[in-house]
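Note sheet for the following structure.
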There are 2 protein chains.
Amino acid sequence: MLTIGKLGEAAGVKVPTIRYYEQIGLLPEAERSAGNQRLYGRKAQERLAFIRHARDLGFTLEAIRDLLSLSDRPDQSCAAADAIAKAQLAEVESRLARLTALKTELERMVVQCAGGSIADCRVIEVLSDHSLCATDHRHPESEVQS
Amino acid sequence: MLTIGKLGEAAGVKVPTIRYYEQIGLLPEAERSAGNQRLYGRKAQERLAFIRHARDLGFTLEAIRDLLSLSDRPDQSCAAADAIAKAQLAEVESRLARLTALKTELERMVVQCAGGSIADCRVIEVLSDHSLCATDHRHPESEVQS
DNA sequence: CCTAATGTCTCTAGCAACTATAGCTTCAAG
DNA sequence: CTTGAAGCTATAGTTGCTAGAGACATTAGG
């Protein structure tokens, strides 16, 4: 049995984050020691590793919640898990496309800057006027994290 | 003079967002009509367009605050603006690198899924075990939005 | 066995950048 | 003159944590 600190160390997750995951029901309530400290066994360790890994891949906690509940029912079809992963892939692809456009625009901006005064600064100028942009980098959908 | 609704429409920014920008001091306090409604002139319109455009390019509000104060002093060197833009470019590049790794991993995951039951699901399996991954996609620094 | 240092506990508040809600007032059209 | 849209303020919620306060638990050294 591991204390929360050891568990966090093992999984690469900070202690308050583990407590937070428990609080929002992503991890079950931990067993407690005589002195009321949380104790974790191998199952909890695996579950946390799963969460960590999915977070690293950019899945939201909501998606992870769904994936975890799927993984708890090994006899069911994996279509749902597949769909979640595909949605995440699509999300990542769309972010990639957008970031690529941003990169292009920022590069143009930085390269064109001759280093004079603000009055002639391309950075400020381009920011002031979208029509100076080569690509259409406008905010497409809502985007969060990662 | 535009009302807040018209301004938002013109700039592609939602009304509450404009009020929020005013609240955090990114936009100056607007003039008011006799009936206490906000009224905006061309300067405010340009400032909001600048903000919107910079947000679209992924700059944080803090960076935008700096860029705006730079653009208010046209006689100064543009080195600072250049540095902000370069930092943003670096940020975008690092996010791109990470997202590219994520995409690779998610594709592998999705392609390998044979569509059977959860028990044999590659998606779940890979999430359970990082050593099944081809790339090192571990969370490098902190990352936000965009 | 005692003490000091570290670890853990709960609870609350804060971060970015908004978005949503409630309950009110003002404005423009018919 | 009335109705409905748009505006006002203020507060709370979103996501995924992170930081802090103040109290208890555990462990290592002397």
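Naming: A, B, ... by sequence-line order, numbering from 1 per chain.
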- Query: What is the distance, rounded to the nearest whole Å, between atom CG of A:L48 and atom C1' of D:dC17?
  - Reply: 14 Å
- Please name the residue in the list B:D66, B:L89, B:I64 that meets the side chain to side chain contact (heavy atoms under 4.5 Å, CB included) test with B:I84. B:D66
- Quickly work out the A:I18 CD1 to C:dC9 C1' distance and round it to whole Å. 14 Å
- Task: Find which nucleotide of DNA chain D each of A:P16 and A:G35 is nearest to by heavy atoms, and output the residue with the more 5' nucleotide.
- Result: A:P16
- Message: For B:R42, is the CZ atom crowded, meaning more than 12 foreign heavy atoms sit under 6.0 Å from it?
- Response: no
- Message: Using whole Å, what does the distance between atom P of nucleotide D:dT18 and atom CD of A:Q23 come to?
- Response: 14 Å
- Message: Under a 3.5 Å cutoff, is there a donor and acceptor pairing between the side chains of B:S117 and B:D120?
- Response: yes
- Message: Between A:T17 and D:dG16, is there a contact of a side-chain N or O with OP1 or OP2 at under 4.0 Å?
- Response: no
- Item | Atom-pair distance (CG on B:L7; C1' on D:dG7), nearest Å | 14 Å
- Report yes if at least one side-chain N or O of B:R65 is closer than 4.0 Å to OP1 or OP2 of C:dA17; otherwise report no. no
- Could you tell me the separation between the CD atom of B:E62 and the P atom of C:dA16, rounded to a whole number of Å? 7 Å
- Between D:dG16, D:dC8, C:dC9, which nucleotide has the shortest distance from any of its atoms to the side chain of B:R38? D:dC8
- Message: Strictly below 4.0 Å: does B:Y21 bring a side-chain N or O up to OP1 or OP2 of C:dA17?
- Response: no
- Name the closest nucleotide to the A:L61 side chain, picking from C:dC18, D:dG16, C:dC9. D:dG16
- Contact class for A:R19 (heavy atom, under 4.0 Å): base, sugar-phosphate, or nothing? base
- Query: Would B:E22 and B:R38 pass as an ion pair if we require N to O under 4.0 Å?
  - Reply: yes
- Message: Rounded to whole Å, please give me the gap between CZ in B:F59 and P in C:dA17.
- Response: 13 Å
- With nearest nucleotides of DNA chain D determined for A:Y20 and A:Q37 from heavy-atom distances, which residue corresponds to the more 5′ nucleotide? A:Y20
- Note: for B:A34 and A:G5 on DNA chain C, the residue whose nearest nucleotide lies more 5' is A:G5
- Query: Within the pair B:T3 and D:dG7, is there a side-chain N or O less than 4.0 Å away from OP1 or OP2?
  - Reply: yes
- Note on the structure: Picking from C:dT19, D:dT18, C:dC18, the nucleotide nearest the side-chain atoms of B:K14 would be C:dT19
- Item | Ion pair check, A:D56 and B:R98, cut-off under 4.0 Å | no
- Message: Tell me the interatomic distance from B:N36, atom CG, to D:dA10, atom P, rounded to whole angstroms.
- Response: 11 Å
- Query: Can a side chain N or O of A:S33 be found less than 4.0 Å away from OP1 or OP2 on D:dT26?
  - Reply: yes
- To the nearest angstrom, how far is B:M1 atom CE from D:dG7 atom C1'? 16 Å
